[in-house]
There are 2 protein chains.
Amino acid sequence: MPHEALVHEIRRFNRFYTDLIGLLDETLMQSPYTLAEARVLFELGRKARPAGGRAGFLARMFHLDLAPVASELAGELHLAPAYLLRVLRKFTAKGLAEIRDGPKNGLRVLSLTTRGEAALVDLEAATNRDLARLVVKLEDKEAAELSDALNRATRLLATAGM
Amino acid sequence: MPHEALVHEIRRFNRFYTDLIGLLDETLMQSPYTLAEARVLFELGRKARPAGGRAGFLARMFHLDLAPVASELAGELHLAPAYLLRVLRKFTAKGLAEIRDGPKNGLRVLSLTTRGEAALVDLEAATNRDLARLVVKLEDKEAAELSDALNRATRLLATAGM
DNA sequence: ATCAAATGATTGACCAAGTCAACTAATAAC
DNA sequence: GTTATTAGTTGACTTGGTCAATCATTTGAT
């Protein structure tokens with residue numbers, strides 16, 4: 001099969017890339033958060049609205065509630081519910097996040113506090129700084145090529161995976 | 001700076017790719033090995049010669065005659081020496097690997113037993129099967145494109161990183 | 001030759017990340 | 001109204017991984 005070579009290429013890339021992001025993870029470890037905690041923080045930032053926050057106009061109109069429910073987050077991050085809860089407890093204890101009862105009771109709606117958003121901004125700044133240091137050596141043309149390569153890879157792997 | 005957009009693209013790719021290999025890791029978790037253990041097994045297979053002293057078929061195939069020393073392996077895999085040793089102990093207990101004194105005494109030379117190589121073959125077969133299932137949906141032309149994209153990304157990230 | 005750093009390996013004690021199973025609470029189904 | 005389901009929650013526990021102290025071998029200085 002002609003795909004066998006591709007399999008080996010992917011594994012080679014895997015080794016390479018895993019090593020690379022391993023370096024970035026180290027900076028993440030400098031932060032007061034576990035890898036899992038950092039992922040939760042990121043995902044909350046991507047999906048949650050602030051505690052006091054109003055839903056956006058469209059969101060209200062079409063009942064698109066983007067504030068994530070605990071189980072939803074657990075599913076997306078592949079975290080055991082019990083463990084996610086511990087992480088969230090830690091966050092609430094530090095005043096970074098809030099857990100409130102949702103409209104459908106029994107469900108819990110998650111949100112970042114202002115302080116949580118600040119923490120997220122800090123964390124993103126740190127990882128961005130690291131990545132920036134990594135790519136700063138690239139010529140503009142190379143940067144464009146890398147961007148293109150990553151997009152292609154994503155698109156192809158995604159169509160393969162679904 | 002024009003690189004800022006690239007940084008965000010890399011992070012997006014990171015999320016995507018991490019998720020993807022997360023799926024593959026799951027199959028790895030089905031195996032009796034930890035992720036760390038699996039990595040040690042892989043690396044031993046890539047570098048170690050079998051106990052008898054001749055290079056194993058994998059080593060021969062890739063022209064690697066390098067019997068790894070414990071500290072070397074710990075460095076490459078970024079594992080704490082103490083932890084690597086535990087993994088190796090587990091392997092020797094199961095008859096998968098051997099630890100012998102090297103020429104420079106004080107150093108320890110590692111090798112896979114025949115049984116260890118068999119275990120490695122099994123493990124590689126499993127992960128290859130998963131990857132194959134992933135890419136089988138690609139047209140030949142797409143497969144070539146993916147291969148190209150991964151190679152470009154590797155090259156560019158490598159030159160950036162070093 | 002001898003003693004002092006230095007490097008690598010090893011061990012036991014320890015910590016914390018993550019799991020498991022049992023339980024509560026709210027909703028949905030019949 | 002009773003049962004079954006789904007989400008959440010908690011405490012007990014397992015185990016992956018770390019830390020600090022120790023042993024062993026080597027290297028370098030005097």
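Note that the structure is predicted; figures quoted are calculated from it, not measured. The analysis underlying the following values was restricted to heavy atoms, covering all of them including side chains, and did not include hydrogens, waters or symmetry mates.
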When every nucleotide of nucleotides 17-27 of chain C is labelled 5' to 3' by its protein contacts under 4.0 Å (heavy atoms), B for base, S for sugar-phosphate only, - for none, what sequence of letters results? SBBB-----SS

Return the set of residues passing ring pair (Phe, Tyr, Trp, His ring centres under 6.0 Å) with Y33(A) (not counting sequence neighbours), or none when no residue passes. none

Round to the nearest Å and state the distance from L88(A) atom CG to dT9(D) atom P. 9 Å

Taking the side chain as every heavy atom from C-beta outward, state whether T159(B) and L138(A) have any pair of such atoms under 4.5 Å apart. yes

Round to a whole Å and report the spacing from CG of L35(A) to P of dG17(D). 12 Å

If you check every side-chain atom of A70(A), which of dA9(C), dG8(D), dT10(C) has the closest atom? dG8(D)

Value in whole Å for how far the C1' atom of dA7(D) lies from CG of D101(A): 11 Å

Bend angle of the helix from dA1(C)-dT30(D) to dC30(C)-dG1(D) from five-pair axes at both ends, rounded to 10°? 20°

Sequence-distant partners of R12(A), side-chain hydrogen bond (donor to acceptor under 3.5 Å, both in side chains), two or more places apart: N151(B)

Which residues satisfy the side-chain hydrogen bond (donor to acceptor under 3.5 Å, both in side chains) test with D101(A), sequence neighbours excluded? R108(A)

For the pair made of NE2 in H78(B) and P in dG17(D), what is the distance, rounded to whole Å? 15 Å

Under the side-chain contact (heavy atoms from CB on, under 4.5 Å) test, which residues partner T34(A), sequence neighbours left out? A36(A), E37(A), Y83(A)

Please report, rounded to the nearest Å, how far the C1' atom of dG8(C) is from the CG atom of L84(B). 12 Å

Check the phosphate of dT9(D) against R108(A), side-chain N and O only, distance under 4.0 Å to OP1 or OP2. Yes or no? yes

Rounded to the Å, how far apart are L85(B) CG and dT7(C) C1'? 16 Å

Roughly, in whole Å, what's the span from CG in L73(B) to P in dT10(C)? 13 Å

Backbone of A143(B) reached by a side-chain donor or acceptor of S147(B) within 3.5 Å: no

Ignoring hydrogens and angles, tell me if any N or O in the side chain of R152(A) forms a donor-acceptor pair with the backbone of E145(B) under 3.5 Å. no

L110(B) CG - dG8(C) C1' separation (whole Å): 12 Å

Minimum side-chain heavy-atom gap L123(A)-L28(A) below 4.5 Å: yes

So, D19(A) and R15(A), do they make that salt bridge, N to O below 4.0 Å? no

